[in-house]
Amino acid sequence: MSLLAPAVVQEHLSNVWQKPGEPFNVSATLESGQAFRWRKDVAGIWWGTVGKVAFAVWQAEGSPFSPVFWESFPVAGQTELFEDFFRLSLSLPTLYAEWESAEAEMDACIQSFCGLRVLRQDPVECFFGFQCASCNTVIKIERSVRKLAERYGQPILMPEWCPFGPVLYAFPEVESLTSADEATLRADLWGFRAPRVIALASILASEGEGVLHRLRSVPYMEAHAYLCSLQGIGAKVADCICLFCLDKDCAVPIDTHTRQIAVRLFSPDSSSRSLTPRVYAMMADAYRERFGLYAGWAQQYLFFGELRRAERFMDPKLD
DNA sequence: GCTTAACCTGGACGC
DNA sequence: GCGTCCAGGTTAAGC
């Protein structure tokens with residue numbers, strides 16, 4: 001493994017993030033199922049957008065303590081936004097010590113995904129991205145969300161050396177989605193979720209600008225209750241939104257993977273029980289009791305480990 | 001309070 | 001090539 005950045009990185013990514021003793025694993029962070037529109041090119045550079053700003057990010061693979069090179073577009077050097085999105089002000093080693101003493105299985109996850117961070121995404125993109133997740137596969141979610149941005153989002157002009165085209169697209173404004181066409185969304189694989197997108201956009205638009213952003217400043221339970229009150233949003237999607245964009249670090253989304261983990265680690269007797277609201281709450285509380293205020297972050301490590309295990313089971317060549 | 005079926009559809013898998 | 005099953009969920013009806 002070489003820590004030497006490719007020529008294209010040295011030439012074009014002029015900003016560097018590195019903090020002694022503080023890990024940041026770019027690939028694990030962006031591959032762990034939190035965000036659906038980041039893509040890696042052949043040089044290993046990750047490309048994605050945060051609001052109306054596009055980023056290119058590179059780090060030597062498998063080296064979470066190595067420098068991270070990055071650039072933003074169209075305005076260069078958006079350090080505050082970069083550090084905010086990747087939550088780089090949060091120190092992980094302290095959390096690791098707490099998690100390892102709470103759960104033996106965390107040790108292997110931390111070894112494997114050291115530096116994985118929970119993102120602070122744009123609430124509108126996160127909200128609609130996880131709309132697409134119900135009864136779906138990650139590949140199809142990524143395709144559908146990307147299509148949505150291309151149809152209704154604002155283009156961001158990219159430099160000629162960007163391999164993903166002359167423009168990337170910002171995620172659409174809520175107002176743009178209120179006038180989206182259901183048949184078009186269905187053609188983009190949104191399926192039965194298509195009318196929900198339009199209906200939810202109308203509700204959010206009627207609530208006034210920034211209704212989702214305002215949830216960042218209310219307690220977790222209040223934000224979760226508001227999201228669950230919306231037609232088509234259940235406890236799992238509400239928890240994904242709370243964790244990945246609303247600063248609710250204790251939110252624990254219980255899906256098929258995190259449920260398997262909970263059964264294995266905390267409550268083997270619940271393996272045959274249906275995931276009713278009561279069982280959902282019980283499992284999420286079990287994570288919080290064990291991992292504390294950052295239970296959602298700990299869950300993300302265990303979730304990613306489970307995901308990787310499932311991928312290896314499907315395709316042994318990955319070993 | 002729990003179980004079940006319906007909602008879309010691409011891809012994997014078995015035949 | 002074709003049929004069947006599954007996937008990061010939610011909802012409402014029936015019990």
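Each chain gets a letter, A, B and so on, in the order its sequence line appears, and its residues count up from 1.
- A parallel orientation is assigned to the rings of F128(A) and F171(A), their planes being inclined by less than 30° (bins at 30° and 60°).
- Of the possible polar contacts, none joining the Y96(A) side chain to the D107(A) backbone as a donor-acceptor pair under 3.5 Å is found.
- An OP1 or OP2 oxygen of dT3(B) is reached within less than 4.0 angstrom by a side-chain nitrogen or oxygen of S274(A).
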Distances under 3.5 Å between nitrogen or oxygen atoms of protein and nucleotides 11-15 of chain C:
from: dT11(C); atom 1: OP1; to: G232(A); atom 2: N; distance (Å): 2.6
from: dT11(C); atom 1: OP1; to: I233(A); atom 2: N; distance (Å): 3.4

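- Base-pair partner of dG14(B): dC2(C) (Watson-Crick or G-U wobble, both distances under 3.5 Å).
- L185(A) places its CG atom 12 Å from the P atom of dT9(B), with the value rounded to the nearest Å.
- At a threshold of 4.5 Å between side-chain heavy atoms, the hydrophobic network of Ile, Leu, Val, Met, Phe, Trp and Tyr places L90(A) and I110(A) in one connected group.
- What separates CG of L200(A) from P of dT10(C) is a distance of 12 Å, to the nearest Å.
- In this structure, a donor-acceptor pair under 3.5 Å is present between the side chains of Q300(A) and S32(A).
- Only the P atoms considered, dA12(C) is 15 Å distant from dC8(B), to the nearest whole Å.
- Under a hydrophobic clustering in which Ile, Leu, Val, Met, Phe, Trp and Tyr are joined whenever their side-chain heavy atoms come within less than 4.5 Å, directly or via other members, F304(A) and Y294(A) fall into the same cluster.
- The cluster map of Ile, Leu, Val, Met, Phe, Trp and Tyr, joined by side-chain heavy atoms under 4.5 Å apart, puts Y301(A) and I254(A) in the same cluster.
- Nucleotides dC6(C) and dA5(B) have their C1' atoms positioned 16 Å apart, rounded to a whole Å.
- Considering only side-chain N and O atoms, R278(A) lies under 4.0 angstrom from the phosphate OP1 or OP2 of dC2(B).
- In this structure, the CG atom of L275(A) is 16 Å from the P atom of dG1(B), given to the nearest Å.
- As rounded to whole Å, 14 Å separates atom P of dG9(C) from atom CD1 of I241(A).
- The partner of dC8(B), taking Watson-Crick or G-U wobble pairs whose two distances both stay under 3.5 Å, does not exist in any strand shown.
- A donor and an acceptor atom, one from each side chain of E61(A) and S27(A), are located under 3.5 Å apart.
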For nucleotides 6-8 of chain C, which of its nitrogen or oxygen atoms have a protein nitrogen or oxygen under 3.5 Å away, and what is each distance?
from: dA7(C); atom 1: O3'; to: N136(A); atom 2: O; distance (Å): 3.4
from: dG8(C); atom 1: O6; to: G33(A); atom 2: O; distance (Å): 3.3
from: dG8(C); atom 1: N1; to: G33(A); atom 2: O; distance (Å): 2.6
from: dG8(C); atom 1: N3; to: K236(A); atom 2: NZ; distance (Å): 3.4

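- The listed nucleotides are dT10(C), dT9(B), dC8(B); the one nearest the side chain of R186(A) is dC8(B).
- In this structure, R259(A) does not reach the dG9(C) phosphate: none of its side-chain N or O atoms is under 4.0 Å from OP1 or OP2.
- Under the 6.0 Å distance and 45° angle rule, R120(A) does not count as a cation-pi partner of F244(A).
- Distance F192(A) CZ to dC8(B) C1': 6 Å, rounded to the nearest Å.
- Rounded to a whole Å, the CZ atom of R143(A) is 8 Å from the P atom of dG10(B).
- To the nearest 0.5 Å, atoms CZ (R39(A)) and CZ (F36(A)) are separated by 15.0 Å.
- Taking atom C1' on both dG8(C) and dC2(B), the two are 23 Å apart, rounded to the nearest angstrom.
- For the pair H224(A) and K248(A), the minimum side-chain heavy-atom distance is 4.5 Å or more.
- Distance CD (E142(A)) to P (dG10(B)): 16 Å, rounded to an integer number of Å.
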